[in-house]
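In listed order, ligands and their atoms are each counted from 1. Because only heavy atoms are used, hydrogens play no part in the values below, and waters and symmetry mates are left out as well, while side chains stay in. Count residues from 1 along the sequence.
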Amino acid sequence: MSHHTETLVIGAGPAGLTAAYLLSKHGRDVTVLERDPAQVGGISRTVSHNGYLFDIGGHRFFSKSKAVVQLWDEILPNDFIERPRLSRIYYKGKYYAYPLKAFEALRNLGILTSTLCVASYLLARAKPIETPKSFHEWVRNQFGERLFSIFFKTYTEKVWGMSCDAISADWAAQRIKGLDLGAAIRDALKRSLGLRAKQKPGEPVIKTLIESFRYPRRGPGMMWEAAAEKTAAQGGRVLLDRGVDGLSFEPATGIWTVSATRGDGTRETYTARHLISSAPVRELVDAIKPRPLSTFNARSLQYRDFVTVALIAKSQKDFPDNWIYIHDPSVQVGRVQNFRSWSPEMIPDEDHTCLGLEYFCFEGDGLWTASDEDLVALAKREIGQIGLIDPREVVDACVVRQPKAYPVYDETYADNVASVRRELEHDFPTLHLVGRNGMHKYNNQDHAMMTAMLTVENIIAGHRRHDVWRVNEDAEYTEAGVSGAQDALASERLVPRKVA
Ligand SMILES: Cc1cc2nc3c(=O)[nH]c(=O)nc-3n(C[C@H](O)[C@H](O)[C@H](O)COP(=O)(O)OP(=O)(O)OC[C@H]3O[C@@H](n4cnc5c(N)ncnc54)[C@H](O)[C@@H]3O)c2cc1C
């Protein structure tokens, strides 16, 4: 027996639930199928372990898009808190404010290294590599070899699992465009002297310099659980434990047939007029029968995966950071989250702390396949080495593996996505791709939501009024599709953009 629905949504993450919430609010018939057997929220879920709450990476709620902020307030009107933001870099036993403060950086690096940094910068400017091909060469040209090795190399290699010599210069140019050392030094000096001017009304918001952010008091999962409940109250269906693995379209009737498999192996069939997919492009295309021509392109898309080890410790040692970037090459951990600083409600009592150690990896590699026991042992050893807590104080731990946390922007991804998009848009006007992995866009919740918001408008209008591919990384939709992106790039002048 098959179930019919007007719109079927694949995935109950921010994109899928935004679409379902808005469609049901407009009285439209919608069903969401989510593979996870127990939770909504996707990568923006909040995990609960013996009363301790933690995110898959901390999730800041910040958007330049008023429409997104309004929707957050509509879905979760009473549960946002405003949190101060503090993050630092840990390198060779020392902490550096992030964004950098000049005097502190000089003090920490010492006269000798600081002088070498300036000398290597001057050398790079005097003798630039003519056509920089790799990330390494590009950054070396901008900052010099020394600063590259301290503030760029190790963290970038941990995140992407590739040597900076193998990452393309285009990627660096795209992510840290406009960054120049002069501006970085000016800002770092002002920060040291406490001279950073307050933002004036109308001035563009500088994303990396935001000093506070909003956060649901019990984590981002709270937002998405509320969205699922409200969708259900409006007549929509959010069904867990259903992994979509087969799709076919009948042009004569305009009907999609979708099959889903449950954890116990049971199969279900759904039919729908519109299909909204936030599933990874690679998986979506693989599920379509007959096979699209661009299957090869979809299969070439790469992902970076992520393991977080939450350590719960009875520790009196407190630190104010929300998170700390671990640039130090002597440990594998890439970042440490301090969940009490995100919200006191993430920790059930005063005596304990919960830190999330983040390891970037590839599905199937040594970290991914290590047993939970080994990962906890590694995390305890490394947290002791960094000195944030004493490993003997750890009383409990939890390991979460997140596949496809990051869509990889390698040299061929843009062409591959373009081929898939061209074919799907041409052959299937009622198939709508939304969200992060759904569009292979390495962006935040607000972007995922905006693509879903515009898709709902398209479905209600009955034609493709908006081109969702024009939503930029700041969740802004512009006809030209670039003005917001340019603001964003300008705003990243002072410091390289860190991975979210
Ligand atoms: C470490 C880290 C930190 C981050 N920090 C921030 C931050 O501070 N602020 C911020 O705004 N964003 C942050 N993000 C980004 C944010 O997590 C994503 O942008 C957002 O979750 C994307 O939403 P989505 O709905 O597109 O995708 P997802 O969250 O990936 O949700 C997709 C859902 O679809 C389901 N699904 C997939 N395939 C199928 C299938 N075949 N059948 C059924 N269900 C399926 C998945 O199980 C999942 O639930 C961070 C991400 C990471 C990895």
side-chain contact (heavy atoms from CB on, under 4.5 Å) partners of Gln302, counting only residues at least two apart: Val408, Asp410

Under 4.0 Å from a heavy atom of Ser278: give me the atoms of ligand 1 that qualify, with their elements. 32 (C), 34 (O)

Just which atoms of ligand 1 are under 4.0 Å from any heavy atom in Arg242? 42 (N), 43 (C)

Using distance alone, decide if ligand 1 has a nitrogen or oxygen within less than 3.5 Å of any nitrogen or oxygen in Ile43. yes

Ion pair check, Lys64 and Asp446, cut-off under 4.0 Å: no

With a heavy-atom distance limit of 4.0 Å, tell me whether Ala448 approaches ligand 1 through its side chain, its backbone, both, or neither. side chain

Check ligand 1 against Ile56 and write out every atom of the ligand that is under 4.0 Å from a heavy-atom position of the residue. 1 (C), 2 (C), 3 (C)

So, regarding Asn443 and ligand 1 (criterion: nitrogen or oxygen to nitrogen or oxygen, under 3.5 Å), is there a contact or not? yes

Would you mind telling me if ligand 1 is within reach of the side chain of Arg335, the backbone, both or neither, using heavy atoms under 4.0 Å? side chain

Salt-bridge test for Glu225 and Arg218: reply yes if a basic N is under 4.0 Å from a carboxylate O, no otherwise. no

Which residues share a side-chain contact (heavy atoms from CB on, under 4.5 Å) with Gln234, sequence neighbours left out: Tyr21, Ser24, Lys25

At less than 4.0 angstrom from any non-hydrogen atom of Ala405, what atoms of ligand 1 do you find? 53 (C)

I need the contact type for Phe306 against ligand 1. Using non-hydrogen atoms and a strict under-4.0 Å cut-off, is it side chain, backbone, both or neither? side chain

Contacting atoms of ligand 1, where contact means under 4.0 angstrom from a heavy atom of Arg60: 7 (C), 8 (O), 9 (N), 10 (C), 11 (O)

When you compare ligand 1 with Pro14, is there at least one nitrogen or oxygen pair between them that comes in under 3.5 angstrom? yes

Does NZ or CZ of Arg304 fall inside the cone over Phe362's six-membered ring, less than 6.0 Å from its centre and within 45° of the axis? yes

Is it true that Arg45 and Asp55 make a salt bridge, defined as a side-chain N closer than 4.0 Å to a carboxylate O? no

Just which atoms of ligand 1 are under 4.0 Å from any heavy atom in Gly11? 33 (C), 34 (O), 35 (C), 44 (N)

Tell me the contacting part of Val40 for ligand 1: side chain, backbone, both, or neither, using a 4.0 Å heavy-atom threshold, strictly below. neither

Taking the ring of Tyr303 and the ring of His440, is the distance between their centroids below 6.0 Å? yes

Logged contact type for Arg45 with ligand 1, heavy-atom cut-off 4.0 Å, is neither

Restricting to heavy atoms, the pick from Arg436, Gln39, Arg35, His59 nearest atom 17 (O) of ligand 1 would be His59

Ring centres under 6.0 angstrom apart (Phe339, Tyr52): no

Answer side chain, backbone, both or neither: which part of Val434 comes under 4.0 Å from ligand 1, heavy atoms only. neither

Does ligand 1 come near enough to Asn437 that some N or O of the ligand is less than 3.5 Å from an N or O of the residue? no

Taking non-hydrogen atoms only, is Tyr406 closer than 4.0 angstrom to ligand 1 via side chain, backbone, both or neither? side chain

Logged contact type for Pro280 with ligand 1, heavy-atom cut-off 4.0 Å, is side chain

Is it the case that ligand 1 has an N or O less than 3.5 angstrom from some N or O of Val244? yes

With ring centroids as reference points, do Trp72 and Phe62 lie under 6.0 angstrom apart? no

Using the six-membered ring of Phe80, assess whether NZ or CZ of Arg214 lies under 6.0 Å from its centre and within 45 degrees of the ring axis. yes

State plainly whether the residues Glu74 and Lys230 are in salt-bridge range, i.e. N to O under 4.0 Å. no

Among Ser63, Gly246, Gly58, Gly57, closest by heavy atom to atom 5 (N) of ligand 1 is Gly58

Can any side-chain N or O of Arg470 pair as donor or acceptor with the backbone N or O of Tyr477 at less than 3.5 Å? no

Do ligand 1 and Ala15 have nitrogen or oxygen atoms that lie under 3.5 Å from each other? yes

Could Arg421 and Asp467 be called an ion pair, given the rule that one side-chain N must be under 4.0 Å from one carboxylate O? yes

What are the atoms of ligand 1, with element, lying closer than 4.0 Å to any heavy atom of Leu33? 43 (C), 44 (N)

Ligand 1 atoms in contact with Ile10 (distance to a heavy atom under 4.0 Å): 39 (C), 40 (C), 42 (N), 43 (C)

Parallel, tilted or perpendicular, as decided by the 30° and 60° cut-offs, for the rings of Phe428 and Phe249: perpendicular

